[in-house]
Amino acid sequence: MPELPEVETARAVVERHALGRKIVEVDDSDEYECRPHQPGQIREALLGRTLTAAHRRGKSMWVDTSDAGPVLGLHLGMSGKIVVTDGDGVEQDGGDYWRRGRAPGDLRFTRFVLEFADGGWLRLVDPRRLGRVRLDPDVEKLGPDAARIAPTEFRNLFRRSTAPLKARLLDQERIAGLGNLLVDEICWRAKVSPARPVDELTPAEVTRLRSATAAAVTSAIEQGGVHTGEIIAHRRAGGVCPRDGAPMVRGTVGGRTTWWCGREQV
DNA sequence: TATAGTGTTATCGG
DNA sequence: ACCGATAACACTAT
């Protein structure tokens with residue numbers, strides 16, 4: 001679920017609601033979510049500190065801590081969500097992007113908790129447990145953030161490779177933040193097949209892809225998640241392209257289930 | 001009950 | 001060494 005737009009929203013929630021509150025307890029007992037740290041390791045590193053700034057690159061977010069403390073890395077994986085309670089107990093979760101939504105107060109799948117001195121808390125709620133919590137995460141391997149990538153960098157993504165377009169856009173080391181749904185949305189907006197070898201793309205197609213990337217990312221952040229994309233509701237059996245009415249085609253590209261308009265996206 | 005899945009990563013083969 | 005495809009990971013919803 002979480003792609004760049006959801007992570008940006010989560011980052012903003014942390015920035016607005018969690019900074020400056022003293023950490024008085026930490027539950028890092030989920031050994032899978034907190035791998036490779038041992039239980040208690042993250043707790044010891046954070047007790048007594050405050051969060052001071054929230055950052056993001058691609059789908060990775062991280063939070064600085066006070067008093068020369070470690071950086072707390074948070075990755076939402078496939079199903080993670082950050083939920084913060086304000087001092088008055090009201091939950092802030094940055095919008096509903098789970099398949100069927102997360103009812104307020106549904107904390108069944110909490111995998112990591114920071115408790116603050118005012119009684120509030122920050123939780124990572126993650127049913128599938130593919131997210132992770134890490135001290136001092138390495139984010140240097142990530143490519144440029146998809147929301148801020150420069151035109152030249154974007155063009156260079158497609159040089160000297162016969163990889164399918166979708167595989168290249170999903171490669172987090174080359175451009176960070178795009179996921180399965182966002183890439184389908186971008187290819188559809190640009191009217192390019194996700195299976196096209198990238199070194200065969202024309203300059204006009206690359207330009208359309210660059211514009212579509214910026215527009216799709218911006219729109220998804222504003223509208224509340226990648227599921228608000230124009231093509232997403234049509235990614236299903238029997239779906240038709242909302243532009244020309246042609247049937248949507250399903251296939252596997254870059255190892256992921258992919259849908260595209262069989263008429264426009266060639 | 002069987003299957004798919006909005007992410008990442010180790011492994012395998014070319 | 002690089003690159004791409006694949007499977008595995010953990011678990012729920014359908």
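Here is how names work: the chains are called A, B, and so on, in the same order as the sequence lines, proteins then strands, and each is numbered from 1.
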Point to revise | Per-nucleotide pairing state of DNA chain B [Watson-Crick or G-U, under 3.5 Å; [ ] pseudoknot-crossing; | other strand] | key: .||||.||||||||
Checking contacts here: which listed nucleotide ([options]) is nearest the side-chain heavy atoms of [X]?
{"X": "A/Arg132", "options": "C/dA10, B/dT9, C/dT12", "result": "B/dT9"}
{"X": "A/Arg108", "options": "C/dA10, C/dG4, C/dA13", "result": "C/dA13"}
{"X": "A/Arg256", "options": "C/dC11, B/dT8, C/dG4", "result": "B/dT8"}
{"X": "A/Arg129", "options": "C/dA13, C/dG4, C/dA10", "result": "C/dA10"}
{"X": "A/Pro164", "options": "C/dT12, C/dC3, C/dA5", "result": "C/dA5"}
{"X": "A/Pro127", "options": "C/dT12, C/dG4, B/dG7", "result": "C/dT12"}

Point to revise | Minimum heavy-atom distance A/Val198-A/Leu165, with the two atoms named | key: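 So the two residues come closest at CG1-CA, 3.5 Å.
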Exercise for review: For A/Glu222 and A/Ser219, indicate whether the former's side chain and the latter's backbone hold a donor-acceptor pair under 3.5 Å.
Suggested key: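 No: the side chain of A/Glu222 does not pair with the backbone of A/Ser219.
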Review point. When we call it a touch if two heavy atoms are under 4.0 Å apart, what does A/Thr257 touch: a base, just sugar-phosphate, or nothing?
Key: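 Result for A/Thr257 = sugar-phosphate.
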Exercise for review: Looking at every strand, decide which applies to A/Arg236 at a 4.0 Å heavy-atom threshold: base, sugar-phosphate, or nothing.
Suggested key: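 Nothing, no heavy atom under 4.0 Å.
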Practice item. Give a yes/no on whether any side-chain N or O of A/His75 is located under 4.0 angstrom from OP1 or OP2 of B/dG7. Key: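 False: A/His75 side-chain N/O out of range (4.0 Å or more) of B/dG7 OP1/OP2.
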Practice item. Consider only side-chain N and O atoms of A/Arg21 and A/Thr50, and report whether a donor and an acceptor are under 3.5 Å apart. Key: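 Absent: no donor and acceptor within the cut-off.
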**Study point:** Close side-chain approach of A/Leu114 to A/Trp121, heavy-atom, < 4.5 Å
**Key:**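 Side chain of A/Leu114 against side chain of A/Trp121, heavy atoms only: no contact under 4.5 Å found.
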Point to revise | Rounded distance in Å - CE (A/Met78) to P (B/dG7) | key: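 Atom CE in A/Met78 sits about 6 Å away from atom P in B/dG7.
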Exercise for review: Could you go through the side chain to side chain contact (heavy atoms under 4.5 Å, CB included) check for A/Lys81 and A/Phe109 one step at a time?
Suggested key: CA-CA 10 Å; A/Lys81 187 165 205 172; A/Phe109 305 114; over 6 Å; no
Practice item. For DNA chain B, find the residues of residues 167-190 of chain A with a heavy-atom distance under 4.0 Å and give them by number; none if there aren't any. Key: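 Correct list: A/Gln172, A/Gly179, A/Asn180, A/Leu181.
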